[in-house]
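In what follows, chains carry the letters A, B, and so on, assigned in the order in which the sequence lines appear, proteins first and then strands, with residues in each chain numbered from 1. Just so it is clear, the values below take in all heavy atoms, side chains as well, and ignore hydrogens, waters and symmetry mates.
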2 protein chains.
Amino acid sequence: MYDLFFKKFRERIDLSPEEEIQIKSYLIPKKIRRRQYLLQEGDICKHIAFVEKGALREYSIEGGTEHIILFALEGWTVADLFSFLTGEPAVYTIDALEDSELVLISKSSHEELLQTQPKYETYMRLLITDAYIALQKRLTSSISLPIEERYKNFVETYPDIVQRVPQHMIASYMGLSPETLSRVRKKMLNQK
Amino acid sequence: MYDLFFKKFRERIDLSPEEEIQIKSYLIPKKIRRRQYLLQEGDICKHIAFVEKGALREYSIEGGTEHIILFALEGWTVADLFSFLTGEPAVYTIDALEDSELVLISKSSHEELLQTQPKYETYMRLLITDAYIALQKRLTSSISLPIEERYKNFVETYPDIVQRVPQHMIASYMGLSPETLSRVRKKMLNQK
DNA sequence: AAAAAGTCTTGACAAAAGTCAATGAAATGA
DNA sequence: TCATTTCATTGACTTTTGTCAAGACTTTTT
């Protein structure tokens, strides 16, 4: 339990056994079933969730259509960060695409860890920096590349997501209709 | 000098006079003229730049077209973060839209400050978190809202940018042709 | 095992956005 | 100040993408 969480942590930061025990004492394990909500729009986001196993998605709903802003597979962290930090109602919904195992950190634990465990703060800083860089790449490619290139990049960057997630959700993630992605893929096949 | 830099810092974190003096000793002032480059694609990004005065933009060039990923007015921070952190060549170009005054932090200063000034690390964590949340909002609206709504949001969120930056650059920031933005604005006026 | 729900593809058509070209106005720089 | 460059708008046309509907196939649930 918490294996992947600490594996990822130790990949970035040296942790003494004592520090690991300290941090571990704040973590909450949680299992969640396929299609089950972790967070619903309007709720207040009370936890950061690390995915030990399984797959989740985070999305907004506008005019009846879901717009996926994030897939979270093993090793990823997911939350409505704005809601978590401010206590405002969430604008995003999070649910499970597969039966999953999570590690939760509550808001109060998060704050206490930031105060008492310098390495936790450093790790959080690194995580959010990585997330920012990934998001910036995504945004750049969405405003500067043709769909075909964007899809190629996606497949290269996240081959595991392509395997495990329905295609119409990838279309949603890219801001496209499912039909358009289907046609782009067809065109790519014919070119080869 | 550095007034705005420390004003923003103190808005988020309590700083003792000693801490302020310590941090100040690492900062480098720099003036930059309109149209002058701060960073060119292919260079290695050696500094984080805080904008004391003026306006800059960060953009990529794809197939001869500029795609603006960030405007940085007074109080904002700009860098090719990936290049800065990894030492890889920059994929973005940064130049000045107006004569500007900057505060630079070099890579080695940044690393030393992270090690020696816990409040600097905390401040950096807060900055990057804010930047992440802003970017996520931008991405969400770009995949889920019609152009008109996106432009309205932009004007509401950044009225100062709308005042000071040419419209075709805002189109570029939104991933649109200048003609399309011009037409959307016309339509909005007629509706009122 | 059967029913139901979800998934992907395709065609026909509509709507949105881009491209190219021209014009006049405004800002910039010598 | 005057020439030059930049900027915003508009029209005509093309390309891209979305929408709606139907069909085949697969997966999930009962």
Side-chain angles (χ1 to χ4, degrees), chain A residues 32-36 54-55 57 59 61-68 71 95-100 141-152 154-155 161-192, chain B residues 32-36 54-55 57 59 61-68 71 95-100 141-152 154-155 161-192:
Chain A
I32 178 177
R33 284 281 179 75
R34 183 174 140 88
R35 290 178 184 277
Q36 190 181 334
R57 64 173 176 160
Y59 56 99
I61 305 172
E62 281 290 339
T65 318
E66 295 170 354
H67 300 277
I68 297 180
F71 294 109
D95 66 14
L97 299 173
E98 307 172 0
D99 294 352
S100 302
S141 87
S142 99
I143 63 175
S144 66
L145 298 181
I147 296 180
E148 199 174 317
E149 296 302 317
R150 289 165 57 199
Y151 183 70
K152 268 188 213 159
F154 183 84
V155 173
I161 296 182
V162 177
Q163 294 305 314
R164 287 161 63 181
V165 166
Q167 187 174 308
H168 72 272
M169 290 191 187
I170 294 170
S172 162
Y173 179 91
M174 295 178 68
L176 304 174
S177 70
E179 294 93 337
T180 297
L181 182 56
S182 173
R183 286 177 180 124
V184 168
R185 277 168 43 91
K186 189 183 178 188
K187 203 172 122 204
M188 288 170 67
L189 281 176
N190 293 340
Q191 282 172 2
K192 279 189 187 171
Chain B
I32 179 176
R33 284 282 181 74
R34 182 175 141 88
R35 290 175 186 279
Q36 190 181 333
R57 64 173 176 161
Y59 56 98
I61 304 171
E62 281 290 339
T65 317
E66 294 171 356
H67 300 277
I68 297 180
F71 294 111
D95 65 16
L97 300 174
E98 307 171 0
D99 294 352
S100 302
S141 87
S142 100
I143 63 175
S144 66
L145 297 181
I147 295 180
E148 201 175 316
E149 298 301 316
R150 288 165 57 198
Y151 183 69
K152 269 188 214 159
F154 183 83
V155 173
I161 296 182
V162 177
Q163 294 304 316
R164 288 161 62 180
V165 166
Q167 187 174 307
H168 71 271
M169 289 190 188
I170 294 170
S172 162
Y173 178 91
M174 295 178 68
L176 304 175
S177 71
E179 293 93 337
T180 297
L181 181 56
S182 173
R183 286 175 181 128
V184 167
R185 276 168 43 91
K186 190 185 178 185
K187 204 172 121 204
M188 287 169 67
L189 281 176
N190 293 342
Q191 282 172 1
K192 280 190 187 173

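- Between B/P146 and B/R35, the residue anchored closer to the 5' end of DNA chain C is B/P146, taking for each the nucleotide with the nearest heavy atom.
- Protein chain B contacts DNA chain C over a range whose 5' and 3' limits, counting nucleotides with an atom under 4.0 angstrom from a non-hydrogen atom, are C/dA17 to C/dT28.
- Within residues 167-180 of chain A, the residues that have a heavy atom under 4.0 Å from DNA chain D are, in order of number, A/G175, A/L176, A/S177, A/E179, A/T180.
- A salt bridge links B/D95 to B/R57: at least one charged side-chain nitrogen sits closer than 4.0 Å to a carboxylate oxygen.
- Checked against salt bridge (charged side-chain N to carboxylate O under 4.0 Å, His left out), B/R33 has no partners two or more places apart in sequence or in another chain.
- In this structure, the side chain to side chain contact (heavy atoms under 4.5 Å, CB included) partners of A/A55, at least two apart in sequence or on a different chain, are A/L73, A/L97, A/E98, A/R164.
- Applying the salt bridge (charged side-chain N to carboxylate O under 4.0 Å, His left out) rule to B/K152 yields the partners B/E149; only residues at least two apart in sequence or on another chain are considered.
- Contact detail for B/G54 and B/S100: the closest heavy-atom pair is CA-OG, 3.4 Å.
- Residues passing the salt bridge (charged side-chain N to carboxylate O under 4.0 Å, His left out) test with A/R183: none are found, sequence neighbours excluded.
- Close approach of DNA chain D to chain A, defined as any atom under 4.0 Å from a non-hydrogen atom of the protein, starts and stops at D/dT17 to D/dT28.
- Of the two residues near DNA chain D, B/K186 and A/I147, the one whose nearest nucleotide lies more 5' is B/K186.
- B/Y173 pairs by the ring pair (Phe, Tyr, Trp, His ring centres under 6.0 Å) definition with B/F71, B/F154, not counting sequence neighbours.
- Put simply, CZ on B/R185 and OH on B/Y151 are 4.0 Å apart, with the number rounded to the nearest 0.5 Å.
- For B/H168, the side chain to side chain contact (heavy atoms under 4.5 Å, CB included) partners are B/P166, B/P178, not counting sequence neighbours.
- Between A/S172 and A/I68, the closest heavy-atom pair is OG-N, 2.9 Å.
- Evaluation of the salt bridge (charged side-chain N to carboxylate O under 4.0 Å, His left out) rule for A/E62 yields no partner, not counting sequence neighbours.
- With rounding to the nearest 0.5 angstrom, the OG atom of B/S142 is 10.5 Å from the CD1 atom of B/I147.
- Taking five base pairs at each end of the helix from C/dA1-D/dT30 to C/dA30-D/dT1 and finding the rotation axis that steps the C1' atoms of four pairs onto the next four gives two axes whose angle is 60°, to the nearest 10°.
- Partners of A/S177 by side chain to side chain contact (heavy atoms under 4.5 Å, CB included), not counting sequence neighbours, listed by chain and number: A/E179, A/T180.
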